[in-house]
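Everything numeric here is computed off the predicted structure, so don't read it as measured data. Counting starts at 1 for both ligands and their atoms, in listed order.
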Amino acid sequence: MPITDACGSDRTAQTALSKEQALGRLLARVEPIGETESLATADGLGRVLAEPLVSAIEVPAWDNSAMDGYAVRHADLSSRGGRLRVAQRIPAGATGSFLEPGTAARIFTGAPVPAGGDTVVIQEVCEASHEWVRIPLDCKPGTNIRRAGEDIRAGAEVIGRGTRLAPQHLGLAASVGVARLCAFRRLRVAVFSSGDELVMPGEPLGPGQIYNSNRFMLLGLIQRLGCEVIDLGIVEDTLDATEQVLSRGAREADLVIGSGGVSVGEEDHVRAALERVGTLELWDIAIRPGKPLAFGRIGATPFIGTPGNPVSLFVTFCLFGIPAILRRQGVGGDLRPVTVKARAGFDWPRPDRRRELHRARIQTAPDGVPEILVFPSRSSAVLSSVVWANGLVEIRERQVIQRGDLVDFIPFEGLLSP
Ligand code: AMP
Ligand code: MG
């Protein structure tokens, strides 16, 4: 089967895609899994909501006091000179009785404002003695009352479909009394690492061998997105082994991700194997670092093939792998990585023709303003650079940067919750 791009043209005629075009293509080819399950709100952290969450109740359910103080009828204050008898006490959790004209209710934060009362005066400005309280005359009617339905109206959508649930979403769901949620089922992602040179930590390194670091990065990144990982291990550089791992991944997972073996060398078998068991597109993306990104399909299961070079893998996965997983999980909205503008703390006098995504750190400069620093080496073989970095600086094609210019920064943390 020939390698084609989206337009069906031969790969030799294909020109490099921009980062945006590549992401657009990828997202256009990955569909949400669709299968849902019901789970306890308490188990919802990190899951993706499959149906909008609608409140059946008003929040607050009734007018309640925003402060500790005295509930009064405002009309009484002007006519009675502000001295009222404290006829009842309403702590949170209690319900008071009708507030008779000429009386006040001692009231606490969160307690229902008694019928007849229309204003709460904070205790700090009142003078209480025995059963009486003196209220200052200048308080405004209606103050310090949280109105029924002020936060949420009954019937209102409070959390949208496709939202990844953070602790605050769980709190909001609980605040409207929701005990169970409808979420997309957990995504199963199969991961394999191609390369005869790879061994696992714990094993001795033979001549020519290196440790399989990609596996650990990929697993960590995928687990942080709340996916179940199926680790298919190290795959030897043969066509048969690569075919087998792709077929197994497609049987067991919703998405297959491989590292290494996607180039066009004799030892790279992902292309040929995919052409046998499924379909493949190979995209040359005009970014540095980065090799071609492979996208394929084995039956209905999408496959993403990332470069073997650990830094390229990390950057490529952040830019393309994470949005693809979010889409497959059912996350809605804009899936592009969050970008912020900050001041360059470096000069970039010799830009590349390709877009560069350089490993960078955002930190607070002595004047209190956030500033971007870049890793001193452009080499993509240095994994310690992604440990030093807390994000990527995006440098446009041929963009010369001078210290103090505003530059685009993609924080690693923002990648997990766009
Ligand atoms: P490849 O994409 O297979 O040509 O690999 C490119 C480079 O990345 C080679 O130097 C490989 O040794 C290295 N590499 C490939 N896979 C891994 C891995 N899982 N962990 C660490 N390095 C790797
Ligand atoms: Mg290889």
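With respect to the salt-bridge test (charged N to carboxylate O, under 4.0 angstrom), the residues E37 and R47 qualify. Under a 4.0 Å N-O distance rule, the pair R185/E35 qualifies as a salt bridge. Contact check on D352 versus R354 returns no salt bridge, with no Lys/Arg side-chain nitrogen under 4.0 Å from an Asp/Glu carboxylate oxygen. Here R355 does not pair with D408 in a salt bridge; the nearest charged N to carboxylate O distance is not below 4.0 Å. The pair R403-E371 fails the salt-bridge criterion, with no side-chain N (NZ, NE, NH1 or NH2) lying under 4.0 Å from an Asp/Glu carboxylate O.
Checking atom 12 (O) of ligand 1 against the protein gives a heavy-atom contact under 4.0 Å.
Counting only heavy atoms of the protein, atom 14 (N) of ligand 1 lies nearest to G308 O, 3.3 Å. Among protein heavy atoms, the minimum distance from atom 7 (C) of ligand 1 is reached at N309 N, 3.7 Å.
When I234, D268, L313, V311 are ranked by how near their heavy atoms come to atom 4 (O) of ligand 1, first place goes to D268. The residue among G261, S193, G195 with a heavy atom at the shortest distance from atom 1 (P) of ligand 1 is G261.
At under 3.5 Å, not a single nitrogen or oxygen of R215, backbone or side chain, sits near a nitrogen or oxygen of ligand 1. For ligand 1, the polar-atom distance check against L198 finds no nitrogen or oxygen pair separated by under 3.5 Å. For the pair E197 and ligand 1, the shortest N or O to N or O distance falls below 3.5 Å. Between S213 and ligand 1, at least one N/O pair is under 3.5 Å apart.
Relative orientation of the F314 and F412 rings is perpendicular, given thresholds of 30° and 60° on the angle between their planes.
Per-residue contacts place P310 under 4.0 angstrom from the following atoms of ligand 1 (heavy atoms of the residue considered): 21 (C), 22 (N). Each of the following atoms of ligand 1 lies closer than 4.0 Å to a heavy atom of Y211: 20 (N), 21 (C). Each of the following atoms of ligand 1 lies closer than 4.0 Å to a heavy atom of N212: 18 (C), 19 (N), 20 (N). Atoms of ligand 1 lying under 4.0 Å from at least one heavy atom of I210, given by number and element, are 12 (O), 21 (C), 22 (N), 23 (C).
Residues S193 and R215 bring no donor and acceptor atom of their side chains to less than 3.5 Å of each other.
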Practice prompt. Could you give me the CA-CA distance, side-chain angles and deciding distance for V120 and Y70, then say whether side-chain contact (heavy atoms from CB on, under 4.5 Å) is met?
Written response: CA-CA 5 Å; V120 170; Y70 294 87; over 6 Å; no

